[in-house]
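This report refers to the structure that appears directly beneath it.
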Amino acid sequence: MILAALNDYYRRLRDDPDSGIAAPGYSQEKISYAIVLAEDGSVVDVNDLRDTSGKKPLPCLLSVPQPEKRTVGIKSNFLWDKTSYLLGVSAASKRSEQEHETFLALHRKVLVDTDDVGLKALLAFLEQWEPKQFQENQYFIRQGEAMLDANVVFRLDGDRFYLHDRQAAREAWCRLQDKGDDGVVGMCLVTGARAPLARLHPAIKGVNGAQSSGASIVSFNLESFSSYGKSQGENAPVSEAATFAYTTALNYLLRRDERNRQRLQIGDTTVVFWAHAADRSQAEGAEDFLASFLGGQETDEQATGKLHDMLEQVRQLRPLRELDGHLDDETRIFVLGLAPNASRLSIRFWETGRLADFAQRLADHYHDLALTPPAWRRPPAPQFLALQTAPVYGEKGKPKTEDVSPLLAGELTRAILTGARYPRSLLATIVMRFRADGQVSPLRVALCKGVLARNARLDKRQESRTDKGEPPMSLDPENTDPGYLLGRLFSTLENVQRAALGTQVNATIRDRYYGAASATPASIFPVLLRNTQNHLGKLRKEKAGLAVNLEKEIGQIVDALPSALPRSLRIEEQGRFAIGYYHQTQARFARRDSHDALDTEFEGETA
């Protein structure tokens, strides 16, 4: 269960002093400024807390009292908020006066009997503050309009910590939470214990494409979603403690931090992952392994080497702990894919299992895609593979992330993680790209080979009737599959054209006829073969030996074909056509220089 796994992960983070995870009742929020107060409530400074080391100033993350979940109502946070609530000034809100009154009323009520010097200073500030002072006070003038609508906290002059960190403030926050604890008590579906149930669940932030204010996994805001007279959270009873734990853990995983390797984007799916093990180092080792695969950090040679070693260990059927003492085959892995859906979140995929099982599936995945020579320098991540399904504009163009089908990218990742068949649309999309832009790149061919190889392997395992085996990794002269042979023949005819015309070719037969030849060979290949005779006639005069070799090569392939060429090829056969074309072309390059490995890695924008 997703919520139970996230609840357990929060407990692991809570026991880790370096995680910085928020305590119950608190939340990690983006804070930009701190107002420094004297004991009499006067402003003595305004500190800019943003990180200015990059091109754009970024707010810092602070643990503050948990925010209210706002929709259209006006609700104030405790001891912190945006400027429309704290100061009554805003560049966007038209209700800043009412919002400031709500903030003032809350703190008057909660802090009325306080004797803490810091909290009394806040009350004094609020009583004497007027929104027009924002344009008059030198400290606010210095920050300018950049401060408008930013989140702000308070600090007492001379203190190193903020007002909400004072012991009296924490006690006041606990009392405020207890007063609001008048909800229904019931059985929690996550923990199995009887406890106060959460009426509303905190927002989940950090999912690309979702509302900036956050979205929900669990939400009942219409009568049509309710049953048996229950309202809102009672329909899916989760305790307030478990609700806080799972939302805090998920927001932690979704945080936008360049050091966060547990979050990545694949199409429209935001993916997070984590591990659970008896030892913290084992969990972190498993997370590093998954990050090296899913993250696709192309410049991280050390991570690439470690991933290669682990996959090799799996191929040899040896335990992972022999490779690294921090790896345990029994470590549990959790992978969650989230996609935006208005004010809610859709679960695109949810996969769990042992580290050894995930490693085996990844090894199978790369084996299915394997070509000789290799189609990559380093194992490609799922988002980079999905990028190969995008169109390429121009001979030197690169695919773009926004052109990748979001659904296809998510389903491809699911297939890799589960070991199931690749999505049916993957092969059709790749074949369509071959025909549209003519870019028969190594990774595209590897994807074709992967789809066909996995289908053949799973069909054999399930004892399904099939006469098609796995496509070869490199050129197979003994392969008699018509699609594969026609691809080889097309590559050889192109080679004849290039040999005869040299640099005088404006467009090769691949540029003009690849799509038609791979789909309807019976109508195209007779024309191509007749044209080839003209090219061979020219070669006999200039390079007689080369002409003889090429005629022999064509004859061998044609002899293996059936007497009548297929009128059309199915999508699977068009995939084998591409594989045969690629194998024949690569074999020709290898013959030219057997010592130099051709690097044909096709790179595009990272997803």
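Position 1 is the first residue of the sequence; numbering continues from there. Excluded from the calculations below are hydrogen atoms, water molecules and symmetry mates; all remaining heavy atoms, backbone and side chain alike, are included.
Using a 4.5 Å cut-off on side-chain heavy atoms (C-beta onward), His107 and Phe78 make contact. Residues Leu61 and Asp257 have side chains not in contact (no heavy-atom distance under 4.5 Å, counting atoms from C-beta outward). In this structure, Thr418 and Phe349 have side chains that are not in contact, with every pair of non-hydrogen atoms separated by 4.5 Å or more. Asn151 has its side chain out of reach of Ser32: every pair of non-hydrogen atoms, C-beta onward, lies at least 4.5 Å apart. The closest side-chain heavy-atom distance from Asn137 to Val46 is not below 4.5 Å. Between Leu49 and Tyr162 there is a side-chain heavy-atom pair separated by less than 4.5 Å. When side chains are defined from C-beta on, Leu79 does not count as touching Trp173, because their heavy atoms never get closer than 4.5 Å. For the pair Phe273 and Leu264, the minimum side-chain heavy-atom distance is below 4.5 Å.
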message: Would Arg170 and Tyr26 count as a side chain to side chain contact (heavy atoms under 4.5 Å, CB included) here? Give the steps.
response: CA-CA 10 Å; Arg170 291 182 176 276; Tyr26 288 78; 3.3 Å; yes
- request: Step by step, work out the side chain to side chain contact (heavy atoms under 4.5 Å, CB included) result for Val218 and Val238.
  value: CA-CA 10 Å; Val218 180; Val238 180; 5.7 Å; no
task: Go through the steps for Ser42 and Asp40 under the test side-chain hydrogen bond (donor to acceptor under 3.5 Å, both in side chains), then give the verdict.
output: CA-CA 6 Å; Ser42 60; Asp40 62 358; 2.7 Å; yes
- request: Before giving the answer on side chain to side chain contact (heavy atoms under 4.5 Å, CB included), spell out for Val190 and Met1 the whole-Å C-alpha distance, their side-chain angles and the decisive distance to 0.1 Å.
  value: CA-CA 8 Å; Val190 174; Met1 183 178 178; 4.2 Å; yes
query: When you look at Leu87 and Ile35, which way does the side chain to side chain contact (heavy atoms under 4.5 Å, CB included) test go after all the steps?
result: CA-CA 11 Å; Leu87 307 175; Ile35 299 176; 4.0 Å; yes
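Ser90 places a side-chain N or O within 3.5 Å of a backbone atom of Ala92 that can act as its donor or acceptor partner. In this structure a side-chain-to-backbone donor-acceptor pair under 3.5 Å is present from Asn251 to Thr247. The backbone N or O of Glu130 sits nowhere less than 3.5 Å from a side-chain atom of His100 that would complete a donor-acceptor pair. Using a distance-only test at 3.5 Å, with no hydrogens or angles considered, a donor-acceptor pair links the side chain of Tyr139 to the main chain of Val44. Remark: side-chain polar atoms of Thr270 are paired, donor with acceptor, to backbone N or O of Asn208 under 3.5 angstrom. At distances below 3.5 Å, at least one donor-acceptor pair connects side-chain atoms of Thr83 with backbone N or O atoms of Asp149. Side-chain atoms of Asp16 come within 3.5 Å of backbone atoms of Asp18 as a donor-acceptor pair (strictly under, hydrogens ignored). A donor-acceptor pair under 3.5 Å is formed between the side chain of Ser19 and the backbone N or O of Leu13. With hydrogens and angles disregarded, no donor-acceptor distance shorter than 3.5 Å links the side chain of Arg166 to the backbone of Val117. Without hydrogens or angle criteria, Gln383 side chain to Leu294 main chain gives a donor-acceptor distance under 3.5 Å.
The pair Glu39-Lys120 fails the salt-bridge criterion, with no side-chain N (NZ, NE, NH1 or NH2) lying under 4.0 Å from an Asp/Glu carboxylate O. Residues Asp15 and Arg280 are not paired through a salt bridge, judged by the lack of any N-O separation under 4.0 Å between the basic side chain and the carboxylate. For the pair Asp364 and Arg361, the salt-bridge criterion is not met [side-chain N within less than 4.0 Å of a carboxylate O]. The pair Asp45-Arg155 does not count as a salt bridge, with every side-chain nitrogen at least 4.0 angstrom from each carboxylate oxygen.
Considering every non-hydrogen atom in both Gln143 and Tyr33, the closest pair reads OE1-CE2, 3.2 Å. Considering all non-hydrogen atoms of both residues, Thr331 and Ala275 come closest at CG2-CB, 3.9 Å. Among all heavy-atom pairs drawn from Asp268 and Gln265, the shortest one is C-NE2, 3.4 Å. Looking at every heavy atom in both residues, Gln66 comes nearest to Ser27 through CA-CB, 4.1 Å. The minimum heavy-atom distance linking Phe289 with Leu362 is given by the pair CZ-CD1, 3.5 Å. Contact record, Leu345 with Pro340: CD2-CA, 4.4 Å, taken as the closest heavy-atom pair.
Residues that satisfy the side chain to side chain donor-acceptor pair (under 3.5 Å) test with Gln211, not counting sequence neighbours, are absent from this structure. Residues passing the side-chain contact (heavy atoms from CB on, under 4.5 Å) test with Glu136, sequence neighbours excluded: Lys132, Gln133. Applying the side-chain contact (heavy atoms from CB on, under 4.5 Å) test to Ala124 and every residue at least two apart in sequence or in another chain returns nothing. Remark: Asn7 engages no residue in a side chain to side chain donor-acceptor pair (under 3.5 Å) (not counting sequence neighbours). Contacts of Asp403 classified as salt bridge (charged side-chain N to carboxylate O under 4.0 Å, His left out), with partners at least two apart in sequence or in another chain: none. Under the side chain to side chain donor-acceptor pair (under 3.5 Å) criterion, Asp48 pairs with Arg50, not counting sequence neighbours. In this view, Asp51 satisfies the salt bridge (charged side-chain N to carboxylate O under 4.0 Å, His left out) rule with no residue, not counting sequence neighbours. In terms of the side chain to side chain donor-acceptor pair (under 3.5 Å) criterion, Asp329 has no residue partners (sequence neighbours excluded). Listed by chain and residue number, Ile74, Ser93, Gln98, Glu99 satisfy the side-chain contact (heavy atoms from CB on, under 4.5 Å) test with Arg95 (two or more places apart in sequence, or in another chain).
To the nearest 0.5 Å, atom CG of residue Leu407 and atom OG1 of residue Thr269 are 8.0 Å apart. Going from atom CG of Leu200 over to atom OG of Ser219 covers 8.0 Å, rounded to the nearest 0.5 Å. With values rounded to the nearest 0.5 angstrom, Leu417 atom CG is found 7.0 Å from Leu290 atom CG.
Ring-plane geometry between Trp350 and Phe334 is classed as parallel, the angle between the planes falling under 30 degrees on a 0 to 90 degree scale with a further cut at 60.
Among residues at least two apart or in separate chains, salt bridge (Lys or Arg N to Asp or Glu O under 4.0 Å) pairs with a member in residues 186-205 are Glu29-Lys205. Within the structure, salt bridge (Lys or Arg N to Asp or Glu O under 4.0 Å) contacts touching residues 242-253 (residues at least two apart or in different chains) do not occur. Sequence neighbours left out, the pairs with a member in residues 73-83 that pass salt bridge (Lys or Arg N to Asp or Glu O under 4.0 Å) are Arg70-Asp81.
Considering Phe161, Trp80, Phe125 in turn, Phe125 is the only one that fulfils the ring-ring contact (aromatic ring centres under 6.0 Å, His included) rule with Phe154. Each of Leu387, Thr413, Val271 was checked for a side-chain contact (heavy atoms from CB on, under 4.5 Å) with Pro382, and the lone residue meeting it is Thr413.
Residues Tyr10 and Tyr252 place their aromatic rings such that the two centres sit no closer than 6.0 Å.
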